[in-house]
Amino acid sequence: MLEVRGIHTYYGLSHILFDVSLTVNQGEVVCILGRNGAGKSTLMRSIMGLTPPKQGSIIYQGREVTGLKPHLLARRGMGYVPDDRRVFADLTVGENLEVVARPAAGGRGWDKERVYEFFPPLKDIDGRQAGYLSGGEQQMLTIGRALMTNPSFLLLDEPTEGLAPLVVKMLAQQIGRFKDEGLTVLLAEQNQEVALSLGDRGYIIDNGVIRYQGDIQDLRANQEIRRKYLMV
Amino acid sequence: MDATSHITLASLAQQVLVGLSRTTILFIVSSGLSLILGVLRIPNLSHGSLYMIGAFVTYSAAVFIGGSTGFWLALIIAPAVVALLSLAVERGLLRFLYDREHLMLLLFTFALTLVFGDLVKLIWGSDYRSLTAPPLLQGSFDLAGLPFPRYNLFLLLLGPLVALGLWLLTNKTKIGKLAKAAAVDREMVAAMGINVSWVFAAVFCIGCFLAGLGGALVAPTQNITQGMDHTIIMEAFLIVIIGGLGNMWGALLGALIFGLTDAIGILVWPQFAIVFPYVAVVVVLVFRPKGLLQSTW
Ligand SMILES: Nc1ncnc2c1ncn2[C@@H]1O[C@H](COP(=O)(O)OP(=O)(O)O)[C@@H](O)[C@H]1O
Ligand SMILES: [Mg+2]
């Protein structure tokens, strides 16, 4: 599905990602774990074309997409849920979903009704301005918004960050259902529990460098590496 | 005291109505400027030039077609021509500058004012033109003993229609909603698969259409001349600033303040009438430096 080959990403002059490579296979949930500031969001932004890498290449669905504009990547089935929520604050919940809607290539796909079935709390606040939502509601909305574009590959950047435990549990449960929907997911998380319960494979990133990669079972077993790179 | 002694209630009412009708044109032009400012974040200095082109094209189209029909068609043709011109400029040049710093964009629109100014000189020469409204809109009718020009009534009726149209456009259409989203977070809109560049093109085009419409509507009320771009762009910017940058209702409020103080100034102290709206602007900015309504900046 996705292959990132040795990318280097910068913000202006500051070099953030160093020779980062990773692979995500069709149907997998792959986690990127790392401390705050490790470069998880930058990696997500690099893949989505928002902060294109200066070196290296990104192969998506068998094609080289390095440097492609974000809207074109989105149209090829990349869905993006940013780390800082970023709902369209001036629009209502329903409008947030409607304006980005893109019909699925085949099958029923996602529409507003289905997103509301998936996240029932959103249904009751359909007409509310998105700027006035709680953190959990905003997170459901950004995920729902990405689903409305009917992605085949979803980038989820710290969806549980700063949310109440009960909301985290609900979100984790719903994210777990994406696999059954046939969605391939790249999930950035600081919350190890969530990542370890959802992922098939995991990467650990620290200071912009990939330090570890392996199956979730191995990562779960390997306390030492987790302590080294993930403890605050 | 002497200067104000001739004011009667009827003349005040009449002057207020005249002021309100002038407000219509100010509102139409400023709302276009504000729209572009709010969504694209570009202070379009050439907005006044497009207004001027709108007026000249109205003249030429009305004369070419002739008769009442000529005038009515010109009211549609002129803004459409201006919108097409702006679309060509946006697709051909402006869109390559969206990622550049503000100063570049400002300089670019300044360059456009020079180009458009010369374009007008080239096509229409440096003589002024004047256009008469069709018979239906000529003359006055009686308003409590004082004459009220029909054309002003026409403007008064049109103003709310344009405001309603703009409201529907920004709140009820997909392009309007996308524009509102892109005004705040264009990156996120792009990440959802929307080509923000085309959203901007549409908004720019609509904003410039409004400049052209303002020019078309003003055409029968004054001489159509070189230099009419300077006056309007200054007024429009002041209106947008006192109303709140990028806020459509702010443009309406600002235009009302500007138009009404201008009209009342003419009544109270004709020699210095021009000062009144500027004093109003200063007063507003002293108390509300960021404008009356919430700015989208
Ligand atoms: N817009 C930016 N400009 C400059 N530096 C940034 C920007 N965003 C993030 N950084 C820096 O890049 C590094 C990685 O940040 P980020 O990718 O957000 O980490 P994470 O998502 O893992 O917390 C941090 O050192 C951060 O300070
Ligand atoms: Mg982050």
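What you see is a predicted model, and the numbers here were worked out from it, not measured in a lab. Chain naming here is simple, since letters A, B, ... match the order of the sequence lines and numbering starts at 1 in each.
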Close side-chain approach of B/M188 and A/F88, heavy atoms under 4.5 Å
yes

Looking at side-chain heavy atoms only, is the closest gap between A/R75 and B/N195 below 4.5 Å?
yes

Hey, is CG on A/D180 packed in by over 12 heavy atoms from elsewhere, all under 6.0 Å?
yes

Please check if atom NZ in A/K54 has more than 12 non-hydrogen atoms from other residues, nucleotides or ligands closer than 6.0 Å.
yes

Between B/K180 and A/L91, what is the shortest heavy-atom contact and its length?
CE-CD2, 3.8 Å

Based on non-hydrogen pairs under 4.5 Å, which of A/M48, A/K69, A/R145 is most in contact with chain B?
A/R145

Does a sphere of radius 6.0 Å around CD in B/Q294 hold more than 12 heavy atoms from other residues, nucleotides or ligands, not counting ones at 6.0 Å or beyond?
no

For A/A74 and B/A191 the tightest heavy-atom approach is CB-O, 3.4 Å

As an exercise, state the distance from OG1 of B/T170 to CG of A/D90, rounded to the nearest 0.5 Å.
11.0 Å

A/R102, part contacting chain B, at a heavy-atom distance under 4.5 Å:
side chain

Just checking B/R100: does its CZ atom have more than 12 heavy atoms from other residues, nucleotides or ligands closer to it than 6.0 angstrom?
no

Flag if over 12 foreign heavy atoms under 6.0 Å of CZ, B/F287
no

If I compare all heavy atoms of A/V99 with all of B/K174, which pair ends up nearest, and what's the gap?
O-CE, 3.3 Å

Can you check whether A/R45 reaches B/E187 side chain to side chain, under 4.5 Å on heavy atoms?
yes

Please classify the contact between A/R76 and chain B as side chain, backbone, both or neither, with a heavy-atom cut-off of under 4.5 Å.
neither

Checking heavy atoms, do the side chain of B/V189, its backbone, both or neither come under 4.5 Å from chain A?
both

Just jot down the ring pair (Phe, Tyr, Trp, His ring centres under 6.0 Å) partners of A/Y116, sequence neighbours excluded, or say none.
none

Which heavy atom of B/I194 sits nearest a heavy atom of A/H71, and at what distance?
O-CB, 3.4 Å

Near B/F96 CZ, under 6.0 Å, is it more than 12 heavy atoms from other residues, nucleotides or ligands?
yes

Counting C-beta onward and ignoring hydrogens, is there a side-chain heavy-atom pair between A/E98 and B/K177 closer than 4.5 Å?
yes

Provide the closest heavy-atom pair for A/T149 versus B/M192 in the form atom of the first, atom of the second, distance.
CG2-O, 3.6 Å

